[in-house]
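First the structure, in the form of structure tokens, and then the observations on it.
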Amino acid sequence: MTTKKVKAIGTETYINVATGEAEEFQVTKIEERDFNFTKVWIRNFVATLDLVGNQKTRLVYWIIDNLNHNNQLICTNRLMAEETGISLATVSVTMKALQDANFLKKQANGVYVINPDILFKGTQKARLNILNQFSELGAEPQELSDEQKIQNITKTIAQLSKQLEALQSKSSVVDTEIEGQYTLLPDGSIVQKAVNKKE
């Protein structure tokens, strides 16, 4: 949760440019503050819980410890298994369970984004940006109305018609010479003309 706090700094004197008079103003500072957060030193936390946790829990802590600045884990299941010493089957089951629990989403093969509402390394502004991207991942595309579909098809037909006309005008030039030595054939290939040698 983020709140804004207005902090009074004091008063300062400013000169009004229009009148030239000195005026006294109350100066305040607006600060954004985060509440309801607990600071955790992740490496120490992971090392401690590693002693009592099972393999799936160990994998989650390893994921947390290996996030980049975009709250992403870039790693395949096989590499995770090799890095952690956890079986590939356990890694696969755990990653599926974490996706089902909305802890993370798969962005691409070997790229996962952790839900910034659960865990984030960085500033509040960066978290909101990542949260927006996270929300868009895996979102179903909106169904287009029939009218929108007709408009899209009409635009596509117009573009394809222009491309067809351009290709037809190119292919009608069957015997175009290039520097007098080459001929363009209807299929688009270029052949060298036979050179007559004068004796």
Side-chain angles (χ1 to χ4, degrees), residues 1-2 32-164 166-167 187-189:
M1 175 175 155
T2 303
E32 284 192 17
R33 295 188 172 190
D34 291 332
F35 292 97
N36 296 328
F37 286 95
T38 303
K39 290 184 179 179
V40 176
W41 281 260
I42 197 73
R43 291 195 190 280
N44 298 338
F45 184 67
V46 169
T48 303
L49 291 176
D50 209 15
L51 299 172
V52 294
N54 63 23
Q55 299 288 42
K56 291 178 182 178
T57 306
R58 270 188 49 222
L59 180 61
V60 172
Y61 297 133
W62 183 88
I63 291 170
I64 292 169
D65 199 33
N66 287 279
L67 295 179
N68 68 13
H69 67 282
N70 289 322
N71 228 39
Q72 294 174 319
L73 172 70
I74 301 176
C75 194
T76 63
N77 287 1
R78 186 170 308 284
L79 187 57
M80 279 186 259
E82 291 171 9
E83 292 281 326
T84 61
I86 298 170
S87 74
L88 180 58
T90 300
V91 169
S92 298
V93 167
T94 305
M95 293 302 285
K96 173 76 171 101
L98 292 173
Q99 289 177 67
D100 292 344
N102 203 33
F103 178 81
L104 55 80
K105 288 184 181 178
K106 188 173 185 176
Q107 189 173 26
N109 285 336
V111 181
Y112 299 90
V113 179
I114 307 306
N115 187 341
D117 272 340
I118 297 173
L119 176 86
F120 186 75
K121 294 180 180 180
T123 64
Q124 176 69 7
K125 185 178 179 182
R127 186 183 84 75
L128 292 175
N129 185 34
I130 300 296
L131 183 60
N132 185 38
Q133 294 172 13
F134 183 82
S135 299
E136 293 173 359
L137 281 178
E140 294 294 320
Q142 293 182 348
E143 182 67 28
L144 297 177
S145 69
D146 287 343
E147 185 177 311
Q148 290 171 316
K149 289 177 185 176
I150 290 170
Q151 288 174 350
N152 289 344
I153 291 170
T154 304
K155 286 179 187 175
T156 303
I157 290 171
Q159 291 171 345
L160 290 172
S161 294
K162 286 180 183 177
Q163 289 177 1
L164 176 63
L167 288 172
D187 67 355
S189 61

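When reading the values below, keep in mind they use all heavy atoms of this one structure, side chains included, and skip hydrogens, waters and symmetry mates.
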### Message
Is any side-chain heavy atom of V113 closer than 4.5 Å to one of N70?
### Response
no
### Message
Among residues at least two apart in sequence or on other chains, which ones pass side-chain hydrogen bond (donor to acceptor under 3.5 Å, both in side chains) with K56?
### Response
none
### Query
Which atoms form the tightest heavy-atom contact between C75 and Y112, and what is the distance?
O-CE1, 3.7 Å
### Query
Has the side chain of K105 got a donor or acceptor atom that lies under 3.5 Å from a matching backbone atom of Q99?
no
### Summary
NZ of K162 to CG of L160, rounded to nearest 0.5 Å, is 11.5 Å
### Message
With heavy-atom distances below 4.5 Å as the criterion, would you say the side chains of N115 and L104 are in contact?
### Response
no
#### Entry: Close side-chain approach of N66 and E83, heavy atoms under 4.5 Å
no
### Query
Is there side-chain contact between I63 and L67, with heavy atoms separated by less than 4.5 Å?
yes
### Query
At what distance, to the nearest 0.5 angstrom, does CD of Q55 lie from CG of L59?
9.0 Å
### Query
Quick one: side-chain hydrogen bond (donor to acceptor under 3.5 Å, both in side chains) partners of T76, sequence neighbours excluded?
none
### Message
I want to check something: taking the side chain as every heavy atom from C-beta on, are D117 and R127 in contact at a cut-off of under 4.5 Å?
### Response
yes
### Query
Mind checking whether Q72 and I114 have side chains closer than 4.5 Å, heavy atoms only?
no
### Message
Do R58 and I86 have side chains that approach each other closer than 4.5 Å (heavy atoms only, starting at C-beta)?
### Response
yes
### Query
With a 4.5 Å limit on heavy-atom distance, are the side chains of I153 and I157 in contact?
yes
### Query
In terms of side-chain heavy atoms, does T57 have a donor or acceptor partner in N54 at a distance below 3.5 Å?
yes
### Exam field: side chain T154 to backbone I150, donor-acceptor pair closer than 3.5 Å
yes
